[in-house]
Amino acid sequence: MADYDLAIIGGGLNGVSLARDAAGRGLRVILIEQGDLGGAASSATPRLIHGDLSVLERRGFWRVRRALAERRIWLRIAPHLVRPMSFVIPAHSDERPPWLLRAGLYVYDALTNRGGLPASTTLDITHHPVGNALKRPFGIAFEYADCVVDDSRLVVLTALDAAERGAAIRTGARCVRADRTDTWRLAVVDRGHRRTITARALANTTGAWTSLVAETVLRQKQPAMAAVQMSQIVVPKLFESDNVYVFQNDDGRLIFASPFERDFTLVGTVTHDFTGDPAIVAMPGADVSYLCEAVSRYFRERLAPTDVVRTVTGVNLSPASARRRDGTTLFHARRRKAPLLTMFGGDITTSRFRAERAVARLTPFYPMSRPWTSGAALPGGNFAWDRFETEVDLARHRWRFLEEPQARRMVAAYGSRLAVVLGEAKARDELGPAFGPDLTGAEVRYLMAREWARFPEDVLWRRSKLGLTMPAADRDALAVFMATPPRTG
């Protein structure tokens, strides 16, 4: 008998979504990730849960409808991570004419039940706060509702839910060989120790490394794949209004500027073909300049490359024969050979749905329960999305030492499970040493014990984005703290 029903190589969003779905259907699951969960492209997304107007423009009606249905599901199952936002497109005749934008948004509204989100509308931004940061003359803008999401925390909480349903999550573990007979036999190096595990089916969800793993580890031929680099920049806050701007660039692309971590703005996205090692991907200076120039066409405050605080970039895959933005799932099974799933590409919005369809491919091989993920909240998400502010108020009432920004960050990260992190603390000093104004020893220990954080960058850039503001001395102190075993007794 095999050790597991399904072994998954790769701990990005595709991998953890597959693990969650399969574990919840009763399968014995192990996920193997050589680095950190969401350590590559899954933490370098545009952070949007949306139908994608650019896809609608290309008449991808089914894909937009599916994505908007998923948007409603995400609001229901992850209200702490997924936040409704107003998206504003300033209109001008140099690019898409206003009538075309209005018509497109009418179709966008009609493609799904909005689930409580407002319909699109027209704004006179000469007399509206969203116009304050913009150059003149932009007389009108179109406003519609979509969502933003904390991408890296979505990966981690999906993995946490999988683990709580029985999946084994192994970070810092690398699969170095996989032999295929009627089962899969995997050689895994887990933090320096070599072990062998067996599984009835295998999934390759290694993102930009999919082809390399297929060739060198699985020794399976894969179709030609195209690598695409996707990049954003983080800059100091460019506007005070609580909305996302969507700008039409002169090359036809849509560029967004989104509120990011209180004091910053995230600007993106620029994409292009990529060749090279995805482990050392870097954003080209030309792409930084492109985004700065694109938003400077609209904002009063001109943005220069020297203003960039951080670049965010990753590599995704699609079949070379067809650039598919909704991801690709390949399934290979033949007589007396264990099944192989290969998943790559796709966006955040449809990740849950992709995993649900992929696990369904395994149903002929062993019994499992019905699909379930659309109705089950992620850890901490058992409240209505329109009660987020109420959750913040409740947190401040229970832990009175929390300032409003701290309470908001922690509710956004942990939702209704915040008590697991803060416990019965009555004062901040009961939570251990402080690292900067926000992070405490208690939170770090929780992240290490429950969310697979091993190194400072896991905490500062994926479990949170506190690396944007934490002083160097506090980072050094955090590294020492994480390397020191907690006292016992």
Side-chain angles (χ1 to χ4, degrees), residues 3-4 6-20 22-23 29-45 151-160 162-163 167-180 184-199 201-220 222 225 227 274 276-282 313-317 340-345 351 355 447-448 450-463 482-483:
D3 301 322
Y4 297 95
L6 176 64
I8 302 167
I9 307 174
L13 186 56
N14 281 333
V16 298
S17 298
L18 199 61
R20 177 183 184 238
V29 177
I30 184 170
L31 182 144
I32 301 160
E33 165 56 47
Q34 67 177 354
D36 185 30
L37 299 171
S42 294
S43 295
T45 76
D151 52 5
S152 51
R153 282 212 60 77
L154 182 64
V155 173
V156 172
L157 292 189
T158 301
L160 180 60
I169 308 294
R170 300 285 185 264
T171 61
R174 183 183 179 193
C175 180
V176 295
R177 184 181 176 93
D179 296 308
R180 186 184 194 185
W184 285 95
R185 186 178 180 86
L186 280 62
V188 177
V189 178
D190 190 348
R191 306 191 189 191
H193 299 283
R194 190 180 181 97
R195 57 181 295 212
T196 299
I197 63 173
T198 56
L202 179 66
N204 179 4
T205 60
T206 52
W209 291 267
T210 299
S211 295
L212 180 64
V213 169
E215 294 171 8
T216 63
V217 178
L218 310 183
R219 301 180 305 286
Q220 301 283 327
Q222 294 290 335
M225 300 178 187
F274 175 83
D277 184 354
I280 53 174
V281 61
T313 188
V315 176
N316 217 336
L317 292 183
L340 172 65
L341 274 170
T342 304
M343 292 180 65
F344 57 91
S351 58
L447 294 173
M448 296 177 71
R450 298 290 302 276
E451 293 193 6
W452 302 279
R454 294 186 295 149
F455 305 109
E457 56 265 30
D458 301 341
V459 173
L460 296 178
W461 297 112
R462 286 180 286 277
R463 307 312 184 276
M482 294 183 70

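Note that these values count all heavy atoms, side chains included, but never hydrogens, waters or copies made by symmetry. Position 1 is the first residue of the sequence, and the numbers go up from there. What you see is a predicted model; the values in this text were computed from it and never measured.
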Can you name the closest pair of heavy atoms from [X] and [Y] and give their distance?
X: L317; Y: G207; answer: CD1-O, 3.1 Å
X: A227; Y: V315; answer: CB-CG1, 3.8 Å
X: A162; Y: A19; answer: CB-C, 3.8 Å

(request) Indicate whether the side chain of T198 and that of D3 have a donor and an acceptor atom separated by less than 3.5 Å. (result)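 Yes, because at least one side-chain N or O of T198 sits under 3.5 Å from a partner of the opposite role on D3.
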(request) Report yes or no: do T171 and R191 form a side-chain donor-acceptor pair below 3.5 Å? (result)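 Yes, R191 and T171 have a side-chain donor paired with an acceptor closer than 3.5 Å.
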Mark yes or no for whether [X], through its side chain, and [Y], through its backbone, hold a donor-acceptor pair below 3.5 Å.
X: N204; Y: T210; value: yes
X: N14; Y: G345; value: yes
X: T196; Y: A187; value: no
X: S42; Y: G12; value: no

(request) Could you please spell out the steps behind the side chain to side chain contact (heavy atoms under 4.5 Å, CB included) verdict for V188 and I30? (result) CA-CA 12 Å; V188 177; I30 184 170; over 6 Å; no
(request) Can you spot which of L341, L6, L218 makes a side chain to side chain contact (heavy atoms under 4.5 Å, CB included) with L202? (result)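 Going through L341, L6, L218 one by one, the side chain to side chain contact (heavy atoms under 4.5 Å, CB included) with L202 is satisfied by L218 alone.
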(message) Testing R170, R463, R454 one by one against D36 for a salt bridge (charged side-chain N to carboxylate O under 4.0 Å, His left out), which residue passes?
(response)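 Of R170, R463, R454, salt bridge (charged side-chain N to carboxylate O under 4.0 Å, His left out) with D36 is met by R463 alone.
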(message) One pair to check against side-chain hydrogen bond (donor to acceptor under 3.5 Å, both in side chains): D151 and S43. What are the steps and the verdict?
(response) CA-CA 6 Å; D151 52 5; S43 295; 5.1 Å; no
So, taking the atom named [atom1] in [X] and the one named [atom2] in [Y], what distance separates them when rounded to the nearest 0.5 Å?
X: L37; Y: R462; atom1: CG; atom2: CZ; answer: 9.0 Å
X: F274; Y: T313; atom1: CZ; atom2: OG1; answer: 8.0 Å
X: W209; Y: I9; atom1: CH2; atom2: CD1; answer: 14.0 Å
X: Q220; Y: T342; atom1: CD; atom2: OG1; answer: 8.5 Å
X: D458; Y: M482; atom1: CG; atom2: CE; answer: 6.0 Å
X: E33; Y: T205; atom1: CD; atom2: OG1; answer: 8.5 Å

(request) Output yes when R177 and D179 qualify as a salt bridge under the 4.0 Å nitrogen-oxygen rule, no when they do not. (result)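 A salt bridge is present here (some side-chain N lies under 4.0 Å from a carboxylate O).
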